[in-house]
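Values below: all heavy atoms of this structure, side chains included; hydrogens, waters and symmetry mates excluded.
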Amino acid sequence: MRITADFAGVPIGVGLSYDSYRKFFEAQQTEAAPAASVIVGEADRRRAAGFYPAGSTDAYIEYMELCRRVSDVLIPFRRTVFHGCAFLWRGRVVLLCAPSGTGKTTHYVRWKQLCGDEIQILNGDKPVLFARQEGDITVHPSPWHGKEGMGQPISAPLGGIVFLRKAAENTIRRVGAELSAGILFRQFIFSSETVEAARGVAEMEDILLRSVSVWELANRGDAAAACLCHDTLEKEWEPK
């Protein structure tokens with residue numbers, strides 16, 4: 001079966017051999033003619049299976065491999081899938097980045113407890129970024145929400161990026177491009193198979209680093225860490 005889904009304004013045809021994960025694409029379904037199409041064949045699934053936990057179904061492997069392939073075809077359109085938890089706060093998106101299992105969802109939940117309805121989840125794991133040449137970065141939904149299934153079809157400007165790491169004490173600091181560029185590049189999801197793809201991602205990263213602030217939050221995973229992050233961003237975003 002095939003479904004055409006809208007990714008930050010670009011319609012992509014997605015081939016699905018299994019119906020199990022079709023529902024995750026339906027919120028972005030469009031009748032527009034696809035600008036590109038992707039599929040994960042049987043041989044591709046077999047090659048990829050070794051990178052997934054034992055017992056992963058073919059349907060799950062297809063679903064996850066489609067993420068990378070969609071991201072690849074989006075790169076020429078200055079879009080890409082990005083690994084991070086994105087939530088909307090005061091009209092802008094806060095993007096939390098960390099290795100899987102480091103506490104992105106926990107930190108978001110702490111923010112939610114602190115701010116209530118003032119914040120909304122956009123995507124819990126892999127949103128789409130659109131980096132315009134003039135420097136505007138917007139964050140968009142994707143079908144890949146993470147194991148918690150957190151996401152909704154809303155889009156908004158990117159306000160800032162927070163890298164999380166576990167620590168005994170809560171501290172936060174602004175980090176410049178020289179410290180964040182390498183870590184940030186690894187959050188872009190793409191196949192790395194071509195020079196053109198890597199160059200396209202590097203151009204988007206350059207736009208991102210010139211457009212938004214990046215922080216490193218060393219944290220205990222508690223409510224105090226969320227308060228520190230909240231207060232820091234609130235001060236940063238105050239009109240000068």
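- Looking at heavy atoms from C-beta onward, D125 lies in side-chain contact with N123 at the 4.5 angstrom threshold.
- Below 30°, between 30° and 60°, or above 60°: for Y63 and F25 the angle between ring planes is above 60°, a perpendicular geometry.
- Exactly one residue among I12, I39, V14, D44 makes a side chain to side chain contact (heavy atoms under 4.5 Å, CB included) with R69. That residue is D44.
- Using modelled atom types, one finds no donor on one side chain facing an acceptor on the other under 3.5 Å when comparing T232 with R174.
- For the pair K112 and F87, the minimum side-chain heavy-atom distance is 4.5 Å or more.
- A search for ring pair (Phe, Tyr, Trp, His ring centres under 6.0 Å) contacts involving W215 returns nothing, not counting sequence neighbours.
- Rounded to the nearest 0.5 Å, atoms CG (L95) and SG (C85) are 8.0 Å apart.
- Side-chain contact between C67 and I189: present, with at least one pair of heavy atoms (C-beta onward) separated by less than 4.5 Å.
- Ring geometry, Y52 versus Y60: the interplanar angle exceeds 60°, so the pair is classed perpendicular (tilted spans 30 to 60°).
- A heavy-atom distance below 4.5 Å is not found between the side chains of V73 and V10.
- Under the 30°/60° scheme for interplanar angles, the aromatic rings of W111 and W89 are found to stand perpendicular.
- One finds no salt bridge joining D231 and K235 here, because no Lys/Arg side-chain nitrogen approaches an Asp/Glu carboxylate oxygen to under 4.0 Å.
- The shortest distance between side-chain heavy atoms of E62 and D58 does not fall below 4.5 Å.
- The closest side-chain heavy-atom distance from K126 to S71 is not below 4.5 Å.
- Side chains of S180 and V175 form a contact here, defined as non-hydrogen atoms less than 4.5 Å apart.
- A ring-centre distance under 6.0 Å is not found for F7 and F130.
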